[in-house]
There are 2 protein chains.
Amino acid sequence: MTKTSDAQIVEAARQIIIGQGIDQLTQRGLAAAVGIKAPSLYKRFADQAALLRAVRGQALADLEARLRRAAGDQPPAPAALRMANAFRAYALEAPGLYRLIFDAALQDPERTLERAALAPFEAALAPLAGGGQGASSAHAMLALLHGLVRLEIDGAAPMAGPHDEAFRFAIYALLQGIARSAG
Amino acid sequence: MTKTSDAQIVEAARQIIIGQGIDQLTQRGLAAAVGIKAPSLYKRFADQAALLRAVRGQALADLEARLRRAAGDQPPAPAALRMANAFRAYALEAPGLYRLIFDAALQDPERTLERAALAPFEAALAPLAGGGQGASSAHAMLALLHGLVRLEIDGAAPMAGPHDEAFRFAIYALLQGIARSAG
DNA sequence: GTCTATACGACGATAGAC
DNA sequence: GTCTATCGTCGTATAGAC
């Protein structure tokens, strides 16, 4: 008798994290959300950490897809700007999932974050950076984006006027610096 | 009969957060560290959140002092570089405190983070940025630093080679972009 | 695979005695 | 201000019925 599926459990966990925050995700509450009891969850996932790994993996795949779609076939600078906006939009849409993606990086030996978030930026920025500095440029861009959206979702922003404007200013400034470093 | 003081409790909490991480800070463990029982803590601080606010306030004052000392009387660019290094050093020294400072910004109606971290950067960068873009430049610099050190302490870095080098590259690039934005 | 029932050891927090 | 005792919740786990 199968009352639910692994995919439904992951999706329910995702919804709880998005809607109520990761602190409100409990095994008892999650089980109730899919119509079973807490002990039954342990037949699907070894423990809560394993469940969160599954949620994080799906979230990372989603983020990567959005970044690659935003980049499209644009030239480096427009691609980077569109990716930056897509990145920020994801974080503002689902801050709980965003935090999960980045906070749990330490416990991810496969370094999924590199493939999902860093690689798309490196692909877009390499032509602009030149001189073998595509990796450094992508790291700088990801760090800037991460800092901007973390400050925003954690309530430390806007620290300097309207955030849309501060966001654009920062991205433009770094892109200019990267392009000039290549010159 | 006073077995301890508020200051001793805050200091003990600070040491636990630095040495064992904020997850290991429990009311029972903290009370034991200062030689009392857990319920007695509630005569000093309303709850754990109030205690953490006190720890955060002290950590923010410490960070601000370090940033202002690093800046000294240097010109904008050297001052910003020294502040960036001091900022990173603080985060690597006490990642638990660093996370507390930034993660709890949302619950700080006084926006202490602005005074402690943003203002020093604005003071240093205003001459470089010009055109009334000192605030935006400081916000961009703080966001970049925050992203860089968060990626580093959360284990997502080094994502692009040695981190010292990636750190310098990113800071230099943004400084160049800021200077160029000024015309 | 799911259920009921039960258990353990943490946690934050409170009531009331002294 | 400190204590003992206690509460409710949490993650986790097990046993055994169906």
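The chains referred to below are lettered A, B, ... by the order of the sequence lines, with proteins before strands, and numbering in each begins at 1. Given the structure is predicted, the values throughout are model-derived calculations rather than measurements.
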Quiz item: For A:S5, which contact category applies under a 4.0 Å heavy-atom criterion: base, sugar-phosphate, or nothing?
Solution: nothing

Quiz item: Which is the 5'-most and which the 3'-most nucleotide of DNA chain D that has an atom under 4.0 Å from a heavy atom of chain A?
Solution: D:dC10 to D:dT14

Self-check item: Within 45° cone of B:F167 ring axis and under 6.0 Å: B:R88 NZ or CZ
Solution: yes

Quiz item: So, do B:M141 and B:I171 sit near enough that their side-chain heavy atoms are less than 4.5 Å apart?
Solution: yes

Practice problem: Could you check whether B:T2 gets within reach of a base, just the sugar-phosphate, or nothing at all, counting any heavy atom under 4.0 Å? | Solution: sugar-phosphate

Only pairs under 3.5 Å count here: list side-chain donor-acceptor contacts from residues 22-45 of chain B, not counting sequence neighbours, and write none if there are none.
| residue | atom | partner | partner atom | Å |
| --- | --- | --- | --- | --- |
| B:T26 | OG1 | B:G29 | N | 2.9 |
| B:Q27 | NE2 | B:Y42 | OH | 3.3 |
| B:R44 | NH1 | B:D6 | OD1 | 2.8 |
| B:R44 | NH2 | B:T4 | O | 2.6 |

Practice problem: Give the intermediate values and the outcome of salt bridge (Lys or Arg N to Asp or Glu O under 4.0 Å) for residues A:E11 and A:R14. | Solution: CA-CA 5 Å; A:E11 175 58 21; A:R14 212 180 75 91; 3.2 Å; yes

Quiz item: Heavy-atom count around B:Q107 CD within 6.0 Å, excluding the residue itself: above 12?
Solution: yes

Quiz item: Can we say A:D164 and A:R168 salt-bridge, meaning some charged N sits less than 4.0 Å from an Asp/Glu carboxylate O?
Solution: no

Quiz prompt | Letter per nucleotide, 5' to 3', of nucleotides 5-14 of chain C [B base touched, S only sugar-phosphate touched, - untouched; heavy atoms, 4.0 Å] | solution = B-B---BBBB

Practice problem: Could you tell me whether B:R99 and A:D103 have a side-chain N and a carboxylate O separated by less than 4.0 Å? | Solution: no

Quiz item: How many angstroms lie between atom CG of A:L151 and atom NE2 of A:H146, to the nearest 0.5 angstrom?
Solution: 9.5 Å

Quiz item: Contact class for A:K3 vs. all strands (heavy atom < 4.0 Å): base, sugar-phosphate, or nothing?
Solution: sugar-phosphate

